[in-house]
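Here the structure comes first, spelled out in structure tokens, and everything after it is commentary.
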Amino acid sequence: MAPSLNDDSPPSTIDEAFTENNLQPFFVLQKGPSRKSDRKSSGTGRTRRFDLSSASPKNSANIEDEKEDENMNLRMEAFEFVWSKIESTIKDVLRVINTNVFSEIQTWVHQSFDTIRSLGTPEFPEATQSFPIITDANSKRLFTGLVLTKNMEFVDDLLTFEELGKHLKYQGCHVANLSSLDFTAKNGVGGCLRSLLRQFLMSSLDPADISILASWYREENCNNPVVVIIDDIERCCGSVLSDFILMLSEWVIKIPVILIMGVATTLDAPRNILPSNALRCLCPFEFTLGTPAERMDAVVEAVLVKPCSGFIIGHKIACTQHFYTEPLSVILLEFASEEDNLVFEIERHGLSPEVIWKHVFEFPSCQRVKLNKLTSESLAHAFSELKRLQNQWRAVVLCLYVTGKGEKVRLLDLFCEAIDPESYNQGEFDTNMKAEKDPVLSSSQIKGHVICKAVRLVRDLSTAQLGKLLKMWENLTVGIPEINGKVKELLSLLNVEDGKSSKKDLTVTPRRHTSRIQLNIEKDSKSLSDKAANLIECMVRDYMHPTECIPFHEIFCFKDVDKLQLALIGDPRRGIQVDLLEFQKLLCCRCCTSSSNALLPSMHDTSIMYKLAQEHGDLINLHDWYQSFKSIVLCPNSKRKPRQSPLPKKRKGIKEAESQSEASIQARFCRAVTELQITGLLRMPSKRRPDFAQRVAFGL
Amino acid sequence: MDFNAAEEEEFGFSRNYFLAKETGSSGKKSARKLSDINVVDEQELREASANIEPKHQNDVADLINSYKSLYPKWVFDLRCGFGLLMYGFGSKKSLIEDFASTALAEHSIVVINGYLQSINIKQVIIALAEILWEQLKLNRKVSSRGLPKVQQPFSSRSMDDLLAFLDGPEMDEKDSFICVVVNNIDGPGLRDTETQQYLARLASCSYIRVVASIDHVNAPLLWDKKMVHAQFNWYWYHVPTFAPYKVEGLFLPLILAHGSSKQSAKTALIVLQSLTPNAQSVFRILAEYQLSHPDDEGMAIDDLYSISRERFLVSSQDCLYIPLTKEGLEKLLSEMS
């Protein structure tokens with residue numbers, strides 16, 4: 001194939017200008033004029049050429065285009081706003097969760113530092129020497145905090161250790177964060193030293209030597225502990241880590257280093273990777289982070305349940321997809337920032353009213369409710385209604401959550417159930433509730449109904465517990481008078497029953513008759529907890545509208561999970577094989593589709609070869625493979641030989657240029673094999689088995 | 001239900017494997033030899049392979065053109081901070097280069113050809129740093145505090161410094177990124193862990209956005225979760241093109257020419273071109289020696305090492321072996337000596 005670059009055979013598809021570049025390891029394709037003023041105009045001008053909105057049909061009018069552009073930029077802005085809000089919320093939540101552990105660690109760091117100091121500070125001549133001081137074994141102990149992450153996904157904890165570093169730095173410690181990449185066998189202990197020097201001294205000196213660190217510390221007044229954080233010791237190279245530990249322990253009097261190491265598995269981990277002489281230097285302490293489940297619940301609560309951004313999914317890719325495909329998503333910018341009085345101005349969003357109305361009418365949720373006339377006001381009204389319903393939903397979900405919190409009801413499960421529009425529409429919840437009351441149906445038959453479980457919990461509460469719970473409900477439902485009133489009513493009843501009747505509470509109770517809820521106040525027959533259970537049932541039934549049942553939710557909701565999955569985890573192994581096996585679907589050509597699965601000569605060569613390979617075992621005899629390939633591409637008796645078969649040479653007559661066509665078939669065979677090799681679906685013949693290629697993938 | 005389906009799939013997968021193993025080893029293995037094929041002369045084969053009539057040319061062109069409607073979406077994704085990862089059968093080189101040059105016209109674009117045998121990632125990063133430096137100067141963003149006036153040349157800085165520079169905090173204008181197009185990020189020249197780590201760190205820099213393509217079915221095994229989620233930030237796109245792998249397959253031997261004759265000098269030349277300048281000079285020394293001493297057995301490796309070291313081409317004996325063991329050139333060498 002090499003001579004294809006030659007003059008005798010000009011390559012057809014590769015651009016001549018690029019052939020030189022193709023053989024460069026890298027090259028500069030273009031240097032962009034990165035000027036502010038230029039960019040504004042040319043940047044938008046460039047993208048304008050393409051269809052910017054897949055959702056709205058658009059005519060080619062220029063003004064429309066410009067509006068689209070403006071809308072696109074606004075959408076970008078909205079995305080940035082919403083995402084930064086979500087991201088900072090997540091970070092805050094995680095920080096709050098770790099606060100206790102962090103302060104625990106901090107206290108321990110300072111205590112350890114004091115202990116090291118109590119062993120004595122080096123005298124001036126000693127301190128300036130470039131070798132360590134060793135007095136006794138005790139002074140070689142290295143204080144080590146083992147932080148159990150309880151999480152195999154070390155990615156989740158990268159941020160934790162970063163935050164821990166910041167926290168300790170803020171408290172006056174000198175902190176360096178090392179990762180398992182600094183402990184590779186290739187770089188040895190020099191690699192981690194270099195990284196330490198870079199972080200402490202802000203410079204990269206080539207002969208990495210710990211005495212440099214010692215003299216740096218002396219200059220820093222020796223008043224603060226030096227903390228080295230290693231985020232995941234299980235991934236470090238054991239020998240390098242142990243060298244590092246031995247080295248630090250020798251210097252610990254001069255540089256009071258305190259180690260903090262993340263451990264994903266169990267406390268045995270250091271023992272498994274370190275030799276005993278390194279282990280002897282460690283003086284370990286144990287800290288435990290919150291479990292992933294706890295963290296997940298906290299994030300769900302802050303991002304998805306509580307008002308965070310107005311947007312209903314917390315993944316960045318979902319965000320981009322949503323903002324890209326949904327022209328009205330710009331509204332989120334206002335929705336999230338403004339309070340109750342939402343003034344909706346279409347013109348501000350760079351969309352013409354016609355486009356908006358058309359788009360809005362296409363929402364399935366709007367077709368359901370049959371809005372016949374839309375104005376800006378009615379739209380604004382619809383949005384505030386949506387907001388109101390969402391608040392109600394949120395309050396009920398949180399009430400359910402606080403109810404079940406002690407009993408291992410996870411917010412994530414609760415959330416999934418509460419947001420599911422189908423069970424809501426079918427009134428599934430009601431029937432389940434009835435089943436719940438029916439003693440014949442045991443609870444195990446109703447699978448996974450977290451809401452029911454939470455409701456059931458209410459019935460079993462003692463009066464004191466109920467009082468606490470009702471107080472929490474009262475707090476959670478502030479701002480939603482319909483529910484809040486009921487809760488207060490119940491609370492006062494509780495107080496009466498307790499004999500601690502307080503008239504104050506009664507007077508506060510609004511005298512409103514929310515007609516929909518019928519609290520069967522039959523004082524004698526039912527206990528108060530039954531009433532509370534009834535109340536929460538009513539709340540679930542009447543106030544927990546899943547977002548997807550509300551008109552216009554499409555603006556705030558991202559639902560296309562399949563698309564999200566594809567973007568998140570592409571599946572090249574399957575994808576590439578399917579490409580080859582069903583290539584005619586992708587190429588939309590008519591010549592290769594036949595009712596049977598017969599291979600046609602017009603098919604893509606590599607595709608033919610791959611399909612043929614399916615018939616072989618794990619080894620493919622090259623000779624057989626070639627022969628079957630040849631018989632297919634030469635096959636004249638296929639049912640309907642496509643006229644546009646791109647083998648003009650053959651049409652001239654096989655006899656005429658027998659040898660030439662033989663050469664071309666061989667070349668095509670070679671290329672197909674090469675292409676399969678590039679995709680990794682085929683391994684080339686080994687010296688031991690020169691006549692066999694090896695299949696790599698079996699099944700999709 | 002889902003669980004069952006997944007289990008079934010997994011089961012099917014292993015069953016397929018064992019079935020294939022069985023059919024492979026159960027006596028019926030064909031014993032015919034590759035040499036039974038009347039293989040044409042290698043020269044002829046190469047010529048023929050250069051002249052292969054493309055099939056479905058129009059359909060392929062239509063397919064590639066259909067991806068143009070995705071360009072604005074891709075730009076949007078890049079601006080949101082993602083890296084684009086293209087997979088699917090067919091060469092995606094021209095597709096992503098076309099995307100970069102049309103849709104990102106106002107950005108600098110650097111292309112890395114991962115299908116080549118040897119790529120010096122540090123040189124790439126130096127080039128990127130130089131481009132960024134120029135760009136920042138143009139924008140007058142580098143105030144007096146930004147960087148010292150007499151700055152150390154990029155080529156003598158450490159990787160960490162270079163990456164720190166590319167990850168600069170001065171991002172007033174969010175869109176002033178440099179686009180790095182990586183053809184075959186899973187290619188032979190980039191496949192080792194260290195290079196992938198550097199690429200991942202590069203991808204996480206604030207001034208850099210990566211658009212990459214993969215062709216190998218097992219490419220995702222190159223990355224751990226940190227790289228995928230925290231650094232590359234991949235946004236996957238399935239974009240099969242069915243375009244022939246012309247350049248990508250340039251260095252792979254033709255299976256029918258395999259072993260039958262020597263590698264052609266042209267292939268060696270191409271490999272030579274893809275080497276770093278220093279490695280090329282090592283070969284020059286070797287060739288010059290060979291030409292001036294035609295009767296000698298060959299050059300002793302120690303002599304080669306000392307000359308190379310004198311000319312500052314290599315720093316250790318190990319460095320010398322790296323270019324010498326490159327595929328293709330190895331053979332060329334054995335023929336020369």
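The chains referred to below are lettered A, B, ... by the order of the sequence lines, with proteins before strands, and numbering in each begins at 1.
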Practice task
Taking A:Gln30 for its side chain and B:His107 for its backbone only, find out whether a donor-acceptor pair lies under 3.5 Å.
Solution key: yes
Problem - Short side-chain to backbone donor-acceptor contact, A:Arg695 and A:His616, under 3.5 Å - result: yes
Handout entry: B:Glu53 with A:Arg668: basic N within carboxylate O range, under 4.0 Å
Key = no
Exercise for the section: Mind ranking B:Val111, B:Asp59, B:Val110 by heavy-atom pairs under 4.5 Å with chain A and telling me who comes out on top? Expected result: B:Val111
Problem - Region of B:Leu116 that comes under 4.5 Å of a non-hydrogen atom in chain A - result: side chain
Exercise for the section: Please flag which part of A:Ser195 lies under 4.5 Å from any non-hydrogen atom of chain B: side chain, backbone, both or neither. Expected result: neither
Handout entry: Any donor-acceptor N or O pair under 3.5 Å, side chains B:Lys93, A:Asn22
Key = yes
Fill in the blank from the handout: If one checks every heavy atom of B:Ile131 against chain A at 4.5 Å, the contacting part turns out to be side chain
Practice task
Please look at A:Leu159 and chain B and tell me whether the side chain, the backbone, both or neither of the residue comes under 4.5 angstrom of a heavy atom of that chain.
Solution key: neither
Problem - Toward chain B, the part of A:Leu568 with a non-hydrogen atom under 4.5 Å - result: backbone
Exercise for the section: Measure the spacing between CH2 of B:Trp74 and CE of B:Met86 and express it to the nearest 0.5 Å. Expected result: 4.0 Å
Problem - Top contributor to chain B contacts, counting heavy-atom pairs under 4.5 Å, from A:Ile569, A:Leu586, A:Ile678 - result: A:Ile678
Problem - Main-chain N/O of A:Ala672 paired with A:Tyr610 side-chain donor or acceptor, under 3.5 Å - result: no
Problem - Test item: A:Asp571 and B:Trp236 side chains (from C-beta on) under 4.5 Å apart, heavy atoms - result: no
Exercise for the section: Report yes if some heavy atom in the side chain of A:Arg194 is under 4.5 Å from a heavy atom in the side chain of A:Leu197; otherwise report no. Expected result: no
Exercise for the section: Quick one: which of B:Val124, B:Asp62, B:Asn58, B:Ile119 has the most heavy-atom pairs under 4.5 Å with chain A, could you say? Expected result: B:Val124
Completion exercise
Of the listed B:Phe82, B:Tyr115, B:Trp234, the one with the largest count of heavy-atom pairs under 4.5 Å with chain A is B:Phe82
Exercise for the section: Could you check whether the rings of A:Trp83 and A:Phe79 sit parallel, tilted or perpendicular, using 30° and 60° as the cut-offs? Expected result: parallel
Handout entry: Interchain contact, B:Asp160 with chain A, by part (heavy-atom threshold 4.5 Å)
Key = side chain
Fill in the blank from the handout: From the list B:Ile178, B:Leu63, B:Ile214, B:Asn113, the residue making the most non-hydrogen contacts under 4.5 Å with chain A is B:Asn113
Practice task
Could I get the full list of side-chain hydrogen bond (donor to acceptor under 3.5 Å, both in side chains) partners for B:Asp41, not counting sequence neighbours?
Solution key: none
Handout entry: B:Gln197, part contacting chain A, at a heavy-atom distance under 4.5 Å
Key = side chain
Handout entry: B:Glu97-B:Asn183 side chain donor-acceptor pair, cut-off 3.5 Å
Key = yes
Problem - Residue, of A:Ile620, A:Leu158, A:Asp156, that accumulates the most heavy atom pairs under 4.5 Å with chain B - result: A:Leu158
Problem - Contact class of A:Asp605 relative to chain B, heavy atoms under 4.5 angstrom - result: both
Practice task
Name the region of B:Glu134, side chain, backbone, both or neither, that has any atom closer than 4.5 Å to a heavy atom of chain A.
Solution key: side chain
Problem - Which atoms of A:Val673 approach chain B - backbone, side chain, both or neither, heavy atom under 4.5 Å - result: side chain
Handout entry: Contact origin within B:Tyr237 toward chain A - heavy atom pairs under 4.5 Å
Key = neither
Handout entry: Non-neighbouring partners of A:Asp232 that pass salt bridge (Lys or Arg N to Asp or Glu O under 4.0 Å), sequence neighbours left out
Key = A:Arg235
Fill in the blank from the handout: chain B shares the most heavy-atom pairs under 4.5 Å, among A:Asp579, A:Val155, A:Leu566, with A:Asp579
Problem - Atom group of B:Asn218 that falls short of 4.5 Å from chain A, counting heavy atoms - result: side chain
Exercise for the section: With a 4.5 angstrom heavy-atom cut-off, could you sort out which part of B:Pro220 is near chain A: side chain, backbone, both or neither? Expected result: side chain
